[in-house]
*Asks:* 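Structure provided below as structure tokens; questions to follow.
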Amino acid sequence: MEIFIINLIGATLRVSTPILLAAIGETYAERAGILNLGIEGTMFFGAFIGFFVADKSGSLWLGFLIAVLSGVIFGLLMALLTVTLGVNQHVSGLGITMLCTGLSLFAFRLNYGGRSIPPSIESFQQLAPFKNIPWLNTLTEQYLFTYIAFLVIVPLAWWLLYRTSFGLKIRSVGENPEAADAAGVNVFAVRYAALAIGGGLMAAGGAFLSLAQLGAFTHGIIAGRGWVAIAIVIFGNWNPVRAMWGALIFGGASALQLRLQTMGLQLPIPYETFLALPYIVTIIALVLAGRNASYPAALLKPYRRE
Amino acid sequence: METSRLRLRFVKTDNPPVWVRPLIPVLALVVTFILTSALIFWANANPFETYYHFLIAPLTNKVSALEILVKATPLMLTGAAVTFAFAAGYYNIGAEGQLFAGAIAAAGLGVAMKEVPAFITIPTIVIAGFAAGMLWATIPALLKVKLQVDEVVTTLLLNSVMGFIVSALLNGPWRDPNSGWPQSPEIGASAIFFKLIPRSRLNLGFVIGLLVILVLWFVLTRTSFGLKMRAVGLGKPAARFAGIHVGRTTLIAALVSGGIAGIAGVAEVAGIQYHLIGDLSAGYGYTGIIIATLGSLNAVGVFIASLFFGLVDAGAQTVSRVLGVPVYLGEVTQATMLLVALGFFLLQRYRLRRM
């Protein structure tokens, strides 16, 4: 039983990592007043381009770097549409998701054909700092990105948002852009920056899946994780640390589902029930959080300087 | 002091000159095709040859021209579904899931009603598909109206959940006993939408699509409910002040939207596939959002956009078959067109003035 639980916690941390990165990215975008529905596509493109570059160059790190860069570019494209042109945020975001998905699938088909077994690469190795203590090893044998996400990105994202003047600017342009502008903040530049940071984190989450967890790229690699991340942002009340708890709840439900499936229990209900469970848990969590959700006041509102 | 430089500035106008309006879609198209030609070069194909097969060839013979209408059918329906919700300011991103809800109803009843004559079966599965889409749309709609839970997120998540339900059905009770494939048993002959033109795939679904577009036009422009919907869509506080029951209007718009998306699923099962399959929809629910936007949330616009996207879908298949350019060129073109058009829509409200 203890082994089951330790296993489960270890798997939870692994499964939560990509969603956590994406959710923090989305938190930054929304805190600046932009709902970025490009998240699902940005993750997908990050997963693809990371895999593609790593496969062609032989360098996993180069793949990861290019993936993050691609996320920044799609973040900036989102900014061009919603900040500069003031286009509807829902539609622009979904458009970017479709563009990213189409581009990835086009390039994937062109380079790898329509083969039935997805091509794979030698993925990142897990770190095992406590090799000699079995139970601790089960818990801590993780990818470097998991360590970075939980121990560096979460505190850094929190500190940046709440303890620096840049973070104050992000929050102010998402709450009251008129006042921020009057106080001398460049609303447009801050929103561009927040979307660029956010896009980079989303793509990093996608690249984690293809370069570390799976070592391959498949059509279903993201499978709605971006949408889950958006739900987690609301659940986490636009706070990176609380988003981490949300990511862990979803990750826990997913990991439990995986464990139950691999145990091969003969259950009277289809295994898809467990696959759907994390999504249903997320919706319930959203309903429970809904009453207290305090949306950034300027979310979805384009800012025009009159 | 004299300067030789021209000083230009964008000035906002509310009345764009008449000649600008038809120019915008043309410019958007040209820019889109210039951008996507990069992919064609990457695939080592000749852009002119590609665009010929992509956009012209499908129009040159009867078989492929009818195929455009076949491809346009689900898009007309999901485009109308999304328009209905968006017009009322309800962001239903769940048309994809609602489409599958309708498809499940059609696949189930299509098998169960094998012995029933077609004039009863066909209306029944259309109504049942509408009801199923509506039912699936009820969850996010009630959460929105009663508990103020954001519908964008819930509809997106429910699309994933519906994907698992379909997979559970196809890998479990509905797995085809004859072939063993993950597809539901073939529906009875009485449930199959009859062909409009022999030896083509064009079927009753297209007529249903046209009727729905017509109803959409009528409701949005000729009824007081359409007026209320658009008032709510423009601003909830003002609509409430005007005495409109905002919650009820939103709820009805959301449910009807889900129902129309459900009919799209019926049309794919009864008109094209005759089975429920996991790949029933090529993202039609999401493309519906593009269609609704490019059609500026009006029925005629949705109709034109659906036909054009039907051409792009049919053309992408031709290009893939003839020149080996991946079929996803179609998806990229549609997404690029949306983003470019969004930019251009805004430009028409500005004029270049010499200062």
Side-chain angles (χ1 to χ4, degrees), chain A residues 35 37 40-41 77 80-81 84-88 90-110 113-114 220 223-228 230-235 269-280 282-283 286-287 289-291 293 295 304, chain B residues 12 36 39 42-44 86 91 93 139-140 143 147-150 152-169 171-173 283 286-287 289-290 292-294 320 324-347:
Chain A
L35 171 71
L37 292 184
E40 178 84 4
L77 177 62
L80 174 70
L81 288 163
T84 304
L85 297 173
V87 173
N88 176 306
H90 292 114
V91 177
S92 329
L94 288 167
I96 287 180
T97 284
M98 258 174 258
L99 179 67
C100 289
T101 313
L103 280 175
S104 310
L105 293 176
F106 182 92
F108 187 69
R109 173 65 63 83
L110 198 59
R225 284 183 175 84
W227 311 139
V228 172
I230 287 190
I232 283 170
V233 172
I234 301 173
F235 172 78
I269 42 173
Y271 82 95
E272 282 90 353
T273 314
F274 298 106
L275 290 175
L277 197 65
Y279 296 83
I280 296 165
T282 308
I283 292 174
L286 208 56
V287 173
R291 302 201 169 244
Y295 283 79
R304 285 273 156 271
Chain B
K12 197 170 177 183
T36 46
L39 293 183
W42 192 17
N44 281 323
F86 276 34
Y91 285 96
I93 320 286
I139 306 168
L143 288 177
L147 298 169
Q148 285 83 48
V149 180
D150 185 38
V152 173
V153 183
T154 47
T155 49
L156 281 168
L157 291 172
L158 286 171
N159 286 344
S160 302
V161 175
M162 180 51 79
F164 295 125
I165 293 177
V166 170
S167 159
L169 279 173
N171 290 308
Y286 298 104
T287 313
I289 297 164
I290 303 190
T293 307
L294 290 180
S320 154
V325 176
V327 69
Y328 302 106
L329 179 65
E331 197 178 336
V332 176
T333 305
Q334 292 175 347
T336 309
M337 196 175 298
L338 170 77
L339 298 180
V340 171
L342 285 175
F344 274 103
F345 275 145
L346 283 157
L347 276 186

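A, B, ... follow the sequence lines: proteins, then strands. Residue 1 opens every chain.
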*Asks:* Any sub-3.5 Å donor-acceptor pair from A/E40's side-chain atoms to A/G226's backbone N or O?
*Replies:*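 Yes; at least one donor-acceptor contact below 3.5 Å.
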*Asks:* Is it the backbone or the side chain of B/L39 that comes under 4.5 Å from a heavy atom of chain A, or both, or neither?
*Replies:*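 Both parts, backbone and side chain.
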*Asks:* With a 4.5 angstrom heavy-atom cut-off, which part of A/L80 approaches chain B: side chain, backbone, both or neither?
*Replies:* neither
*Asks:* Relative to the ring of B/Y286, is the ring of A/W227 parallel (under 30°), tilted (30 to 60°) or perpendicular (over 60°)?
*Replies:*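 The arrangement is parallel - the two ring planes meet at less than 30°.
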*Asks:* Do B/L338 and A/M98 have side chains that get closer than 4.5 Å, going by heavy atoms?
*Replies:* no
*Asks:* Within a strict 4.5 Å, meaning less than it, do heavy atoms of the B/L158 and A/I283 side chains meet?
*Replies:* yes
*Asks:* Counting heavy-atom pairs closer than 4.5 Å to chain A, which one of B/T336, B/T333, B/L329, B/V325 comes out on top?
*Replies:* B/L329
*Asks:* Can you name the residues that form a side-chain contact (heavy atoms from CB on, under 4.5 Å) with A/S92, not counting sequence neighbours?
*Replies:* A/M78, A/L81, A/T82, A/V87, B/L342
*Asks:* Chain A heavy atoms under 4.5 Å from B/I93: which part of the residue, side chain, backbone, both or neither?
*Replies:*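 The answer is the side chain of B/I93.
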*Asks:* Give, as side chain, backbone, both or neither, the part of B/Y91 having an atom under 4.5 angstrom from any heavy atom of chain A.
*Replies:* side chain
*Asks:* Is it the side chain or the backbone of B/T293 that comes within 4.5 Å of chain A heavy atoms, both, or neither?
*Replies:* side chain
*Asks:* What do the steps show when you test A/Y279 against A/V228 for side-chain contact (heavy atoms from CB on, under 4.5 Å), and what is the final call?
*Replies:* CA-CA 7 Å; A/Y279 296 83; A/V228 172; 3.5 Å; yes
*Asks:* At a heavy-atom distance under 4.5 Å, which candidate from A/T282, A/L99, A/L85, A/L105 has the highest pair count against chain B?
*Replies:*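 Of A/T282, A/L99, A/L85, A/L105, A/L105 has the most heavy-atom pairs under 4.5 Å with chain B.
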*Asks:* Using a 4.5 Å cut-off on heavy atoms from C-beta on, say whether the side chain of B/N171 contacts that of A/E272.
*Replies:* yes
*Asks:* What residue, out of B/T154, B/D150, B/N44, has the most heavy-atom pairs lying under 4.5 Å from chain A?
*Replies:*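 The answer is B/D150.
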*Asks:* Using non-hydrogen atoms and a 4.5 Å limit, figure out which bit of A/L103 sits close to chain B: side chain, backbone, both or neither.
*Replies:* both
*Asks:* What part of B/L339 lies closer than 4.5 angstrom to a heavy atom of chain A: side chain, backbone, both or neither?
*Replies:*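 Answer is both: backbone and side chain atoms of B/L339 are under 4.5 Å from chain A.
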